[in-house]
Amino acid sequence: MQRKLSDQEIRRREELETLRAKGIDPYPYEYNRTHTAEEILARYSDEDADALKNVSVAGRIMTIRRMGKATFCHIQDATGRIQLYFRKNDLGESYDLLKLLDIGDIIGARGFVFRTRTGEITVHVQQFQLLTKSLTVLPIPKETIEDGKRVVHHPFRDKELRYRRRYIDLIVNPEVREIFRKRAEIIRVIRQFFDERGWLEVETPILQPIYGGAFARPFVTHHNALDIDLYLRIATELYLKRLIVGGYEGVYEIGKNFRNEGMDRMHNPEFTALELYVAYKDYNWMMELVEQLLLEIVQKVFHITTLHIGSHEIDFSPPYHRIPLVEAIEQATGINVLSASEETLRSSLEQRGIEVEESAGKGKLIDELFSEFVQPTLIQPTFIIDYPIELSPLAKRHRSKPGLTERFELFIAGTELANAFSELNDPIDQRQRFEEQARLRAGGDEEAMVIDEDFLYALEVGMPPTAGLGIGIDRLVMLLLNQESIREVILFPQMRPDNPASSTATPQQQEASSPSGQEVSEQ
RNA sequence: GACCCCGUAGCUCAGCAGGUAGAGCAACGGCCUUUUAAGCCGUGGGUCGCAGGUUCGAUCCCUGCCGGGGUCACCA
């Protein structure tokens with residue numbers, strides 16, 4: 001069923017029929033473009049105006065100013081906007097076709113480049129063609145230049161509409177287009193950085209019979225032919241380590257993970273993660289690598305080493321501070337979490353007005369103290385190192401500090417950006433850690449890890465000493481581009497389906513159409 | 001999941017101590033051959049998110065629902 005059309009939409013459909021009646025295909029097959037808007041603006045010079053006397057451009061009409069027998073419009077292509085000038089004298093009868101064009105239509109135009117009286121480089125059109133008729137009204141705002149700055153009047157900024165109809169957001173908001181270009185650049189630099197070092201980019205299963213590598217609830221799906229439930233991966237870790245066992249000495253994967261949890265400005269149910277594993281290295285080496293990687297990203301993408309993030313100037317020049325987790329908490333709170341009992345931690349949290357669940361173990365209490373009193377203070381890039389063993393079931397025991405692991409997390413502007421460790425490769429120890437997780441799971445912790453026997457077998461085959469790293473790409477992009485919501489850096493963030501019928505449907509209908517609230521089955 | 005805020009024209013927003021609505025841009029008609037938030041004259045456009053309730057009367061008050069945003073919880 002077609003939705004109800006507005007009068008403007010009806011008029012455009014009528015125009016479409018008029019065009020067809022005149023023998024004009026409103027959706028032709030191709031167009032031979034010689035120049036982008038950017039190229040014309042860059043190459044035009046008043047001294048050599050003839051150099052661009054026969055160009056063709058194509059793009060979407062963003063503004064139009066009709067003045068009787070002359071018309072100006074701006075078209076927008078992927079590189080920017082260029083003004084077109086149409087004159088009845090030059091175009092004759094085809095000039096009248098302009099009447100059937102609207103803002104939002106895509107056209108191609110051929111002509112010569114000149115500079116107008118007001119100084120704008122413009123294509124004087126000698127021939128033009130409709131390339132695509134637009135049947136909807138785009139929320140294209142008016143713009144002015146004030147003191148050399150672009151001022152947009154009544155910009156399209158309704159978040160719901162922007163995310164649901166990202167294509168419109170991209171058309172009308174150039175800064176949004178720029179975010180996703182920068183995102184691609186950041187990822188490109190990361191790939192290049194790893195590839196230069198000889199590490200192998202791989203793809204591991206998204207559909208997994210046993211999910212692992214992180215604490216999270218998974219999405220469940222079903223494979224019909226095998227008649228088994230499968231899980232969308234929550235991490236790539238356990239498969240990538242199998243590849244280190246297999247003899248690759250450096251592997252990385254950039255891809256989507258899926259976690260069946262709440263959504264907010266820092267979380268989307270599917271998000272892009274980077275994981276890297278390098279043989280014969282430890283977490284100390286990995287910290288230096290992360291320093292180099294971030295420096296390279298900001299230098300190559302932004303051409304500087306200091307970025308303005310929130311109200312801070314963040315300096316990405318290494319080395320970054322390294323503070324053991326226990327010390328950081330002690331400095332902030334005076335509590336030594338290693339010597340303190342679980343009861344002491346609990347009561348000191350409560351004294352500070354922080355509520356904690358009854359079931360919270362020592363690990364969780366430590367984490368609570370950290371995220372409440374330390375994390376917000378970590379503005380400049382800081383490695384927090386040496387995490388308690390109960391928080392890190394896949395990390396190797398610290399070589400000299402009992403009860404801790406060789407693990408670090410990187411914080412910038414109060415945000416966790418990376419997580420890494422000297423990977424646990426002792427299969428006996430790993431089995432014990434999994435068994436502890438199984439106990440937590442049996443005790444009701446739905447995010448505790450599931451025992452992966454095949455992964456344990458791989459460790460029994462033998463994994464060399466290995467350093468591993470995980471970085472949330474969306475958060476990295478958010479941070480570097482100074483965006484406040486993860487939805488601003490994901491092209492199509494998850495939204496509740498926008499089904500107009502659902503607001504009037506009966507409860508029974510809604511029940512029937514909703515997915516069965518399937519719970520994660522115990523392994 | 002809890003709480004708070006929001007939903008009015010294609011877009012951005014006003015408004016109504018309860019009497020079914022306005023502006024700018026967009027659109028339509030007219031004039032206008034270097035304009036650029038073009039200009040001037042004129043015109044049309046709305047189930048005021050959905051469903052109930054209160055009321056003589058609801059866009060406005062109440063309840064529920066739908067959708068979004070924010071905070072918290074969760075996300076170790």
Side-chain angles (χ1 to χ4, degrees), chain A residues 4-12 14-15 62-74 81 83-91 95 99 102-104 114-120 122 124 136-146 150-164 168 172 214-217 234 259-269 271 355-357 360-361 363-368 370-371 387-388 390-393 409 416 419 437 440 445-449 472 484-485 487 495-507 510:
Chain A
K4 195 177 171 232
L5 298 175
S6 70
D7 57 344
Q8 295 191 49
E9 290 172 312
I10 291 165
R11 192 190 59 76
R12 288 191 179 214
E14 288 167 357
E15 264 176 5
M62 300 298 282
T63 67
I64 191 158
R65 292 175 292 284
R66 304 171 199 268
M67 302 186 310
K69 296 187 179 66
T71 295
F72 287 89
C73 78
H74 281 100
R81 290 189 187 184
Q83 182 169 253
L84 305 183
Y85 175 50
F86 302 81
R87 215 165 59 159
K88 173 93 174 168
N89 283 9
D90 305 308
L91 295 163
Y95 184 86
K99 264 191 146 54
D102 294 293
I103 288 175
F114 75 113
R115 191 183 288 277
T116 64
R117 208 179 277 164
T118 49
E120 181 163 353
T122 299
H124 189 127
T136 66
V137 184
L138 289 174
I140 294 172
K142 291 277 183 179
E143 295 178 19
T144 43
I145 305 294
E146 282 163 29
R150 177 173 162 268
V151 179
V152 183
H153 304 267
H154 307 302
F156 175 63
R157 64 183 164 207
D158 182 291
K159 285 184 173 151
E160 180 174 4
L161 280 173
R162 285 185 47 233
Y163 300 149
R164 285 192 195 281
I168 293 176
V172 304
F215 298 99
R217 288 197 280 173
I234 60 172
R259 297 187 184 175
N260 206 340
E261 284 152 0
M263 299 155 56
D264 59 36
R265 38 183 287 275
M266 299 296 282
H267 300 85
N268 195 61
F271 62 98
E355 287 181 31
V356 278
E357 288 170 31
K364 203 149 202 163
L365 295 169
I366 292 171
D367 190 59
E368 193 65 33
F370 174 78
S371 50
Y387 282 66
E390 48 283 45
L391 288 173
S392 317
E409 291 192 334
E416 180 198 334
N419 181 22
Q437 289 293 311
L440 291 172
D445 184 347
E446 289 184 76
E447 277 137 16
M449 290 183 185
E484 286 185 356
S485 169
R487 295 174 167 208
M495 302 286 280
R496 224 179 267 273
D498 179 29
N499 176 9
S502 69
S503 56
T504 52
T506 65
Q510 288 183 36

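Predicted model, so just to flag it, every value in this text is computed and none were measured. In the text below, chain A, chain B and the rest are named by the order of the sequence lines, each starting its count at 1.
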Self-check item: For B:C25, the Watson-Crick or wobble partner whose two distances fall under 3.5 Å
Solution: B:G10
Self-check item: Short side-chain N/O contact from A:Arg496 to OP1 or OP2 of B:G67, under 4.0 Å
Solution: yes
Quiz prompt | B:A37 phosphate, OP1 or OP2, under 4.0 Å from A:Arg150 side-chain N/O | solution = no
Quiz item: If you look at every strand shown and take non-hydrogen atoms under 4.0 Å, does A:Asp7 touch a base, only sugar-phosphate, or nothing?
Solution: base
Side chain of [X] only, heavy atoms from C-beta on: which candidate in [options] is closest?
X        : options             : result
A:Leu161 : B:C11, B:U34, B:A73 : B:C11
A:Thr116 : B:U34, B:A73, B:C13 : B:U34
A:Gln8   : B:G67, B:A27, B:C32 : B:A27
A:Lys69  : B:G10, B:C32, B:C11 : B:C32

Quiz item: Can you tell me how far CG of A:Leu5 sits from CZ of A:Arg11, rounded to the nearest 0.5 angstrom?
Solution: 13.0 Å
Exercise. Only counting residues at least two apart or in another chain, list the ones meeting salt bridge (charged side-chain N to carboxylate O under 4.0 Å, His left out) with A:Asp90.
Key: A:Arg87
Quiz prompt | Check: A:Gln83 side chain, B:U35 base, donor-acceptor under 3.5 Å | solution = yes
Quiz item: Is any side-chain N or O of A:Arg117 under 3.5 Å from a base N or O of B:U34, one able to act as donor and the other as acceptor?
Solution: no
Quiz item: Would A:His154 pass as stacked on B:G24, i.e. its ring centre under 5.5 Å from the base's six-membered ring centre and planes under 30° apart?
Solution: no
Exercise. Quote, to the nearest angstrom, the P distance that separates B:C61 from B:C48.
Key: 15 Å
